[in-house]
Amino acid sequence: MRTGLPTRRRPARAAHPTRPSRPSQGRLALYFLAPALLALVLLRLLPALMALVSSLRHHSLTDGVTRFVGLANYADLWADPQFWQSARVTLLFSLVINPLQVLLALGLAVLFNQRFAGARFWRSLVFAPIAVPPAVSAVIWGILYRPEGPLNAFLGALGIPAQPFLTSPEQALYALIVLMSWVGVGYWMTFLIAGLQDIPREVYDAAGMDGANAWQRFVHITLPLLRRPLSFVLVAATVSNFLVFAPVQLLTGGGPDGSTNLMMHDVFRRAYSVGDIHYAQAEVVVLVAVTLAVVAVQYRLMQGKGEE
């Protein structure tokens with residue numbers, strides 16, 4: 001029913017601009033991880049797959065044809081005494097250097113985590129060798145290990161006869177262990193110092209009030225609370241030491257008498273000196289498998305009952 005009065009119209013509401021929808025947290029995380037995941041696929045997983053495929057082939061020098069041979073390269077590797085000699089050397093090297101580096105790094109971390117004059121200077125001095133390329137470190141220690149070098153001069157001043165070091169089958173591997181420990185201990189020490197600094201000071205104060213001495217605090221507080229950093233250092237050092245190559249190549253060439261022929265150097269020799277790239281790829285696959293197995297065992301042993 002019309003009354004004749006003009007009707008009042010409500011003003012039209014201004015249209016609000018639509019807000020762009022925000023990506024979910026999972027998708028946002030994927031965006032940030034995409035470069036790292038792409039690098040992982042292109043630089044790690046894809047080369048590993050290519051090495052596995054290449055290890056199943058053989059290139060004939062007679063007709064120049066590459067054929068699929070299945071597990072024949074692995075069978076030849078299993079029957080190769082030089083491969084087993086290299087595996088034994090690598091195992092001995094790892095059994096000595098891994099606990100040595102971890103123990104030295106732990107001791108230095110506990111020492112330099114204390115507050116005393118010059119602690120930061122000495123910490124930086126111990127860390128400095130990791131900033132030097134491995135090839136340069138090998139050259140430096142090659143000079144130290146010379147028959148007329150500084151180490152033998154120092155031993156002579158102490159009345160000890162000159163040592164052959166790198167030219168002795170009995171000493172060459174241990175000389176490399178000293179070199180690699182000098183390079184790596186400072187690096188692993190920094191991770192353990194970071195772990196020590198995450199332990200609350202109040203825990204030590206409470207233990208001290210209960211009458212615990214320094215050794216008891218170290219065994220019952222420091223080691224249990226430092227389990228995760230120790231696990232990381234042990235695993236990372238194991239992987240790193242399985243891949244040692246430059247010092248062997250520059251100083252000993254795998255000698256004398258194969259005493260320093262670590263598996264990474266043996267892979268290089270087979271691939272570029274002998275020229276059998278597919279055979280070398282088979283040894284790479286074996287080396288990776290052994291490394292993963294050792295790391296898995298270490299990780300399992302380092303897990304405490306409280307974390308199970």
Side-chain angles (χ1 to χ4, degrees), residues 33 36-37 39-55 74 77-78 83-109 130 134 173-174 176-177 179-196 198 222-248 260-268 280-308:
L33 290 175
L37 294 176
L40 177 63
V41 172
L42 294 180
L43 302 179
R44 297 293 183 182
L45 300 181
L46 184 59
L49 180 61
M50 293 173 62
L52 180 61
V53 173
S54 180
S55 69
Y74 295 94
L77 203 64
W78 184 269
F83 164 74
W84 287 109
Q85 190 267 348
S86 176
R88 287 193 295 270
V89 171
T90 304
L91 179 61
L92 176 61
F93 180 79
S94 299
L95 288 176
V96 175
I97 194 172
N98 291 334
L100 176 64
Q101 285 189 349
V102 173
L103 290 176
L104 288 177
L106 177 60
L108 291 173
I130 196 62
L173 184 65
Y174 297 99
L176 288 178
I177 290 174
L179 189 165
M180 295 309 302
S181 297
W182 178 77
V183 172
V185 164
Y187 181 65
W188 307 126
M189 176 196 70
T190 58
F191 292 96
L192 297 179
I193 289 178
L196 287 172
D198 284 340
T222 302
L223 287 182
L225 297 180
L226 202 63
R227 186 180 300 276
R228 289 185 182 276
L230 275 174
S231 300
F232 169 78
V233 167
L234 179 60
V235 169
T238 299
V239 174
S240 176
N241 291 324
F242 266 119
L243 303 179
V244 170
F245 169 72
V248 179
T260 60
N261 188 29
L262 300 178
M263 290 183 70
M264 273 303 299
H265 180 268
D266 196 53
V267 169
F268 174 84
Q281 295 283 27
E283 189 168 1
V284 168
V285 173
V286 173
L287 176 59
V288 171
V290 171
T291 303
L292 292 177
V294 172
V295 166
V297 172
Q298 288 178 340
Y299 183 79
R300 180 61 181 171
L301 292 177
M302 288 296 291
Q303 299 303 305
K305 294 183 178 179
E307 300 179 4
E308 292 179 355

- [ ] Rounded to the nearest 0.5 Å, what's the gap from CD on Gln85 to OG1 on Thr90? Could you check?
- [x] 8.5 Å
Open item on the list: For the OG1 atom of Thr260 and the CG atom of Leu173, what is their distance to the nearest 0.5 Å?
Closed with: 7.0 Å
- [ ] First locate atom CG of Leu95, then atom CD1 of Ile97, and finally report the distance between them rounded to the nearest 0.5 Å.
- [x] 11.5 Å
Identify each donor-acceptor pair in which a side-chain atom of residues 186-193 lies under 3.5 Å from a protein atom, sequence neighbours left out, and give them as a table.
unit_1: Trp188; atom_1: NE1; unit_2: Gln101; atom_2: OE1; d: 3.3
unit_1: Thr190; atom_1: OG1; unit_2: Tyr187; atom_2: O; d: 2.5

Task: Counterpart residues, ring-ring contact (aromatic ring centres under 6.0 Å, His included), relative to Phe245 (two or more places apart) - done: Phe268
Task: Straight-line distance of Leu234 CG to Asn98 CG, nearest 0.5 Å - done: 6.5 Å
- [ ] Might you point out which heavy atoms bring Phe83 and Leu77 nearest each other, and give the distance in Å?
- [x] CD2-O, 3.4 Å
- [ ] May I ask you to test the Phe242-Phe93 pair for a side-chain heavy-atom distance under 4.5 Å?
- [x] no
Report, one line per pair, each donor and acceptor closer than 3.5 Å where one atom sits in a side chain of residues 281-297; sequence neighbours left out.
unit_1: Glu283; atom_1: OE1; unit_2: Arg270; atom_2: NE; d: 2.7
unit_1: Thr291; atom_1: OG1; unit_2: Leu287; atom_2: O; d: 2.8

Task: Check: Leu106 and Leu223 side chains under 4.5 Å, non-hydrogen atoms - done: yes
Task: From CE (Met264) to OG (Ser86), nearest 0.5 Å - done: 10.5 Å
Task: Separation between CG of Leu103 and CG of Leu230, rounded to the nearest 0.5 Å - done: 9.5 Å
Task: Asn261 and Val89, any side-chain heavy atoms less than 4.5 Å apart - done: no
Task: 4.5 Å side-chain heavy-atom contact, Ser94 and Thr238 - done: no
TODO: Using a cut-off of 6.0 Å, state whether more than 12 heavy atoms not belonging to Tyr74 lie near its atom OH.
DONE: yes
Open item on the list: I'd like to know whether Tyr174 forms a side chain to side chain contact (heavy atoms under 4.5 Å, CB included) with Leu92, so could you lay out the CA-CA distance, the side-chain angles of the two residues, the decisive distance to 0.1 Å, and finally the verdict.
Closed with: CA-CA 10 Å; Tyr174 297 99; Leu92 176 61; 4.1 Å; yes
